[in-house]
Amino acid sequence: MRTLSFSLNRRAVRRTAAASLSAAALVAAGLATAAPAGAAVATPAAHHPHVKRLCSAPTKPGMMACNALVRTDIMQHRSLGANATPSGYGPSDLLSAYNLPANGGAGATIAIVDAQDDPNAEADMATYRQQYGLPECSTANGCFSKVAQDGSTNYPSADSGWAGEISLDLDMVSAIAPNAHIILVEANSASMSDLGTSVNEAVSLGAGYVSNSYGGSEDPSDTQADSQYFNHPGVVITASAGDSGYGVEYPAASPNVTAVGGTSLTQDSSSRGWSETVWGSSAGGEGTGSGCSTVEPKPSWQTDTGCSGRTVADVAAVADPATGLAVYDSYQSNGWQVVGGTSASSPIIASVYALAGTPSSGSNPASFPYNNTSALNDVTSGSNGSCDTSYLCNAGQGYDGPTGLGTPNGTAAFTG
């Protein structure tokens, strides 16, 4: 049991009504709307979008919170007309931005670990996949399975916030690795012990790639949790770096996982066609986590000199809700919405690993990107807060805390 007091800064958020705005007004305000089929869908561009956190800040030690934020200034749609597409980035955008192959993931099994139950998980994922022309992934065809942390179908109680997190995770895996098999493991609670037990269950069920989109404050028991839950050589385990700006969360701080930071992703006229900066807010509040662990030792494959312990993050992907992802969630929610947070970047990176191929037996896949940094997009601008050691909270050439070594440019950096 984790014993020290738990504190995660969580900011109150505001909600604005957008229903009465015309399409032209929405564009002028930098907000995304449904677009005709086949047209480019504008990504939300408001610098400080109105969002809400899907999971409340924990009130007890040893509890975790999911790292997902949903836009509240974009109208949700339960269903879309035949000539409309969802707001936010979809699969083709992500594959283009990160130079990834289409129709990947065959032969891989990716697990999503979350707390509580999403009764609509399979149906909502089906809606997302149908919208984007992705192959069926269902219980019926053997592609999808949902289990409780003990491997049974005695699911925990449902929770609307975690259900939104589950939808985000399943949709991101579907977008990046549409031909992979997916296991959703639902922990009985948001405690580290239950979530960690769920990680072990995912691996026992054959998952080679496990995404964890949650985090909590560090404490000395983390090193014990490393050996209990995250010591799975040859298995990819990713974890979100956090959504509260500069600062370190666990399990992202574990040397046994790939810590995933977050970026703002925008389309541009460069040869890549996209650009990225650190996801951070100059006003404080939301932004990717990063920093120097006060608990975890430095792994041998990390060589940055400003932190004597484990440094977060390793790599990054889109997380800014202002440049957010299209997600479908119908459990106590209105359907199509735009979501961000490092809860998005963790399953994206886990899925990129799945595209790259099976890690070698006994390896620590968190080290792979450090062996091929040229196969990553180096993010060189932006900040997620203030820090004494500049690179821990500011982007720059080469390694930095908020985005690690960078974002995927193909799959080469994620092979052993």
Side-chain angles (χ1 to χ4, degrees), residues 90-91 94-95 98 100-114 117-153 155 163 165-187 195 197-213 232-239 257-258 260 317 327-328 343-361 363 365 408 411 414-416:
L94 295 174
L95 298 184
Y98 296 127
L100 300 173
N103 303 313
T109 299
I110 303 172
I112 296 299
V113 171
D114 284 308
D117 180 40
D118 177 3
N120 300 350
E122 184 172 356
D124 286 353
M125 180 175 64
T127 298
Y128 180 90
R129 295 173 79 104
Q130 289 165 6
Q131 174 65 42
Y132 292 108
L134 303 176
E136 177 187 351
C137 186
S138 65
T139 303
N141 71 2
C143 174
F144 175 74
S145 61
K146 183 176 87 168
V147 299
Q149 70 180 53
D150 61 359
S152 74
T153 55
Y155 305 124
E165 170 65 58
I166 289 169
S167 291
L168 170 61
D169 290 342
L170 294 176
D171 290 355
M172 292 306 96
V173 173
S174 298
I176 303 298
N179 285 304
H181 284 203
I182 303 174
I183 303 172
L184 169 61
V185 185
E186 297 182 332
L195 288 161
T197 298
S198 299
V199 172
N200 289 341
E201 180 64 26
V203 176
S204 73
L205 292 173
Y209 313 85
V210 184
S211 176
N212 303 274
S213 293
H232 296 287
V235 175
V236 170
I237 304 177
T238 63
V257 313
T258 300
V260 186
V327 170
Y328 189 82
S343 278
S345 54
S346 178
I348 288 173
I349 293 298
S351 300
V352 174
Y353 271 105
L355 301 182
T358 306
S360 58
S361 176
S363 65
T411 63
F414 297 88
T415 65

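Because the structure is a prediction, the values reported are computed rather than measured. Throughout, residue positions are numbered sequentially from 1 according to the sequence presented.
The distance from atom NE2 of His181 to atom CG of Leu205, rounded to the nearest 0.5 Å, is 14.0 Å. Taken from CG in Asp169 to CD1 in Ile182, the straight-line distance is 10.0 Å, to the nearest 0.5 Å. Between Leu100 atom CG and Leu94 atom CG the span is 8.5 Å, to the nearest 0.5 Å. One distance of note links CE of Met125 with SG of Cys143; it measures 6.5 Å at 0.5 Å rounding. Distance CG/Leu355 to CD1/Ile110: 7.5 Å, rounded to 0.5 Å. With values rounded to the nearest 0.5 angstrom, Asn103 atom CG is found 8.5 Å from Leu134 atom CG.
Ser174 approaches Arg129 most closely through the heavy-atom pair OG-NH1, 2.8 Å. Of all heavy-atom pairs between Val210 and Ala202, the closest is CG2-CB, 4.3 Å. Shortest non-hydrogen contact noted between Ile112 and Val173 is CD1-CG2, 3.7 Å. Scanning both residues, Pro135 and Asn179, for their nearest heavy atoms gives CG-OD1, 3.5 Å. Across all their heavy atoms, Cys137 and Ala180 have their closest contact at SG-O, 4.1 Å. Heavy-atom minimum distance, Val260 versus Ala317: CG1-N, 4.4 Å.
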Task: Worked check of side chain to side chain contact (heavy atoms under 4.5 Å, CB included) between Phe414 and Val236 - done: CA-CA 10 Å; Phe414 297 88; Val236 170; over 6 Å; no

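With 3.5 Å as the limit, one finds a donor-acceptor pair spanning the side chains of Glu165 and Ser343.
Not a single side chain to side chain donor-acceptor pair (under 3.5 Å) links Tyr128 to another residue, sequence neighbours left out. Every residue two or more places apart in sequence or in another chain that forms a side-chain contact (heavy atoms from CB on, under 4.5 Å) with Asn120 is listed here: Asp118, Asp124, Ser330, Tyr331. In this structure, the side-chain contact (heavy atoms from CB on, under 4.5 Å) partners of Thr415, at least two apart in sequence or on a different chain, are Ala356. Scanning for ring pair (Phe, Tyr, Trp, His ring centres under 6.0 Å) contacts around Tyr328 gives Trp336, with sequence neighbours left out.
Here the side chains of Gln149 and Asn200 are not in contact, with every heavy-atom distance at 4.5 Å or above. At a threshold of 4.5 Å between non-hydrogen side-chain atoms, the residues Ile183 and Tyr209 do not count as touching.
Applying the side chain to side chain donor-acceptor pair (under 3.5 Å) test to every pair with at least one member in residues 138-147, sequence neighbours left out, gives these pairs: Asp117-Lys146, Glu122-Thr139, Glu136-Ser138, Ser138-Asn141. Each side chain to side chain donor-acceptor pair (under 3.5 Å) pair with one or both residues in residues 345-356, not counting sequence neighbours, appears once here: Ser211-Ser346, Thr238-Ser346, Thr258-Tyr353.
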